[in-house]
Amino acid sequence: MNIRFTLTVYTIIAILLVSCSTDDSVNTEEDNRIFINNTTLEYKHYKITATALDNGLFNLVRPEDEEDFFILYGGVNGFIPELGTNYTIAVAKYSVPNPPADAGSTEYDFLRIIEQSEGSTTETFDLRLLTQYSDVQDTFITSDSSSNYALLNDIAIDCNTVCEQLEPTLNEFETLYGTFSRNSDNSYKLLDTYIQ
């Protein structure tokens, strides 16, 4: 066999072996995360209104080493909490270097549920319902043709005798808030409204 042919065959084999790596991993943003620690998050049994890229309903959580609850815009990877249930969950906490402008710099991965219990139907909480800007109204309240109210077509509002308070006339830069409790069917009972 001639040497040129042998070298060509070996070169082709070497190229094929290098290009056919058994590592099928794809480099994603997740690969760039930096592990911080394992910790716990306590979840409230209700969601609150807030604006991220758009209006939404978000969970309130509190890490084990913090006193106050905060809005968790991005959720926990691998965990979907049920409305009406309080949770304490174990999570892995990561720092995300150079996150996109509309994303947080911290991410959580679900590890396990430590504790879960039914949430209180007597605990009250306040939600932003609508804000009047100069000529635009930013609202979290939706209604159907039968005047059944909901928060972003997701959580029904039981407004009893205070339904008319959901359609106030607001001055520029005023915001309507509602005080609620959660019913056992996970609808929110409107107890009162106030304007700030």
[atom2] on [Y] to [atom1] on [X], rounded to 0.5 Å:
| X | Y | atom1 | atom2 | result |
| --- | --- | --- | --- | --- |
| D158 | C163 | CG | SG | 8.0 Å |
| T106 | I36 | OG1 | CD1 | 5.5 Å |
| I195 | Q132 | CD1 | CD | 10.5 Å |
| N55 | L152 | CG | CG | 6.0 Å |
| I155 | L127 | CD1 | CG | 8.0 Å |
| N148 | C159 | CG | SG | 8.5 Å |

**OP:** Could you check L57, I48, T51 and say which one makes a side chain to side chain contact (heavy atoms under 4.5 Å, CB included) with F140?
**Re:** T51

Check whether [X] and [Y] end up in the same hydrophobic cluster, where Ile, Leu, Val, Met, Phe, Trp and Tyr are linked by side-chain heavy atoms less than 4.5 Å apart.
| X | Y | value |
| --- | --- | --- |
| Y94 | L111 | no |
| Y194 | L166 | no |
| Y177 | I141 | no |
| Y46 | I71 | yes |
| L191 | L130 | no |

Original post:
Under the 3.5 angstrom rule, does the side chain of R182 hit a backbone N or O of G119 as a donor-acceptor pair?
Top reply: yes

State, yes or no, whether a side-chain contact exists between [X] and [Y] at a heavy-atom distance under 4.5 Å.
| X | Y | result |
| --- | --- | --- |
| R33 | D109 | yes |
| T85 | H45 | no |
| Q137 | L176 | no |
| E115 | N86 | no |
| N160 | K189 | yes |
| L129 | L151 | yes |

**OP:** Return the set of residues passing side-chain hydrogen bond (donor to acceptor under 3.5 Å, both in side chains) with T142 (not counting sequence neighbours), or none when no residue passes.
**Re:** N153

**OP:** Find out whether the Lys NZ or Arg CZ of K44 is both under 6.0 angstrom from the six-membered ring centre of F69 and within 45° of the ring's axis.
**Re:** yes

**OP:** Check whether the side chains of T175 and Q196 place a donor and an acceptor atom closer than 3.5 Å, and report yes or no.
**Re:** no

Subject >> Test item: side-chain donor near acceptor, S187 and D185, under 3.5 Å >> reply: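 Yes, a side-chain donor-acceptor pair sits under 3.5 Å.
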
Original post:
Under a single-linkage rule joining Ile, Leu, Val, Met, Phe, Trp and Tyr whose side-chain heavy atoms are separated by less than 4.5 Å, which residues share a cluster with Y133?
Top reply: F173

Original post:
Which residues, ordered by chain and number, are linked to F79 in its hydrophobic cluster, where ILVMFWY side chains connect at heavy-atom gaps below 4.5 Å, directly or through other members?
Top reply: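 Its cluster partners, ordered by chain and number, are L41, Y43, V61, F70, L72, V76, Y87, I89, V91, Y108, F110, I113.
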
**OP:** In sequence, state the C-alpha distance, the side-chain angles, and the governing distance for T39 and E66, and then conclude on side chain to side chain contact (heavy atoms under 4.5 Å, CB included).
**Re:** CA-CA 11 Å; T39 186; E66 294 185 25; over 6 Å; no

Subject >> Nearest non-hydrogen partners of E42 and R62, listed with the distance >> reply: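 Here E42 and R62 meet closest at OE1-NH2, 2.6 Å.
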
Original post:
Closest approach of S184 and T121, non-hydrogen atoms and distance?
Top reply: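 Nearest heavy atoms, S184 then T121: N-CG2, 3.9 Å.
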
Subject >> Intermediate values then yes/no, salt bridge (charged side-chain N to carboxylate O under 4.0 Å, His left out), D65 and K93 >> reply: CA-CA 13 Å; D65 56 349; K93 183 178 180 180; 5.5 Å; no

Subject >> N37 CG: over 12 foreign heavy atoms closer than 6.0 Å >> reply: yes

Original post:
Above 12 or not: heavy atoms from other molecules or residues under 6.0 Å from CD of E164?
Top reply: yes

Original post:
For the side chain to side chain donor-acceptor pair (under 3.5 Å) test, which of T193, T179, T49 pairs with D126?
Top reply: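 The side chain to side chain donor-acceptor pair (under 3.5 Å) with D126 is passed solely by T179 among T193, T179, T49.
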
Subject >> Plane angle bin for Y188 and F125 - parallel if under 30°, tilted between 30 and 60°, otherwise perpendicular >> reply: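 Answer is perpendicular, since the angle exceeds 60°.
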
